[in-house]
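Data block below; observations after.
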Amino acid sequence: MATAEFTSYLKARCADRGLSLHKLAVRADLNQIYFYQSVNKNKDNPPPWVLRRIAPLLEVPYVELLMRAGYLTPAELADYKPRSSRG
């Protein structure tokens, strides 16, 4: 379910970067209407693929957006074990 907290967080990050939601969508190569509705009108937060596109533009880690949007919990992150590199 979309949360007012996530929407507020996203708008605050945009303001910090001097971006409107429209400019963010354009720079992330997203459909502006889809993005605006996913942030302001839909019941769900924007999907992870959208968060991946906007994270660099907001200068926040993708993982932070996933957590704030409710796709990833701190416990799930703690359980993550990266694959060791093969040498």
Side-chain angles (χ1 to χ4, degrees):
M1 184 93 18
T3 62
E5 295 85 21
F6 181 75
T7 299
S8 295
Y9 169 79
L10 185 60
K11 289 179 179 180
R13 294 296 69 76
C14 283
D16 290 346
R17 302 298 311 141
L19 296 169
S20 65
L21 289 177
H22 174 78
K23 280 186 183 178
L24 181 62
V26 168
R27 290 185 183 173
D29 195 26
L30 298 168
N31 178 288
Q32 294 90 11
I33 294 170
Y34 167 78
F35 183 67
Y36 178 84
Q37 289 179 342
S38 72
V39 171
N40 291 302
K41 307 259 182 200
N42 287 347
K43 295 178 184 174
D44 297 323
N45 285 325
W49 69 268
V50 169
L51 301 180
R52 180 177 292 280
R53 285 191 183 182
I54 65 173
L57 300 168
L58 297 175
E59 297 183 7
V60 297
Y62 173 55
V63 170
E64 180 177 332
L65 289 181
L66 288 174
M67 291 176 69
R68 296 229 180 218
Y71 293 109
L72 182 65
T73 66
E76 290 168 332
L77 186 58
D79 287 344
Y80 173 72
K81 294 179 180 118
R83 288 186 249 168
S84 60
S85 61
R86 297 180 186 195

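Any value given below was found using the heavy atoms of this structure, including those in side chains, with hydrogens, waters and symmetry copies removed.
Between the CD1 atom of I54 and the CZ atom of R13 there is a distance of 11.5 Å, given to the nearest 0.5 Å. To the nearest 0.5 Å, atom CD of residue E5 and atom CZ of residue R68 are 10.5 Å apart. How far CG of L72 is from CG of L51: 11.0 Å, rounded to the nearest 0.5 Å.
Note: the hydrophobic cluster containing L57 also contains Y34 (ILVMFWY, side chain heavy atoms under 4.5 Å, direct or indirect links). The hydrophobic cluster containing L10 does not contain V26, counting ILVMFWY residues as joined when their side-chain heavy atoms lie under 4.5 angstrom apart, directly or transitively.
Proximity of a side-chain donor or acceptor of E76 to a complementary backbone N or O of T73 within less than 3.5 Å is detected. Remark: the backbone N or O of N45 is paired with a side-chain donor or acceptor of Y71 at under 3.5 angstrom. The backbone N or O of F35 lies less than 3.5 Å from a partner atom in the side chain of S38, making a donor-acceptor pair.
In this structure, C14 and L24 approach most closely via the heavy-atom pair SG-CD2, 3.5 Å. The two atoms that bring V39 and T7 nearest to each other are O-OG1, 3.1 Å, heavy atoms only. Taking each heavy atom of R17 and L58 in turn, the nearest pair found is CD-O, 3.7 Å. The two atoms that bring D29 and R53 nearest to each other are O-NH1, 2.8 Å, heavy atoms only.
In this structure the side chain of Q37 never reaches within 4.5 angstrom of the side chain of N31, judged on heavy atoms. Looking at W49 and L30, their side chains come closer than 4.5 Å, going by heavy atoms from C-beta outward.
A cation-pi arrangement is found for R52 relative to Y62, the charged atom lying closer than 6.0 Å to the ring centre and inside a 45° cone about the ring normal.
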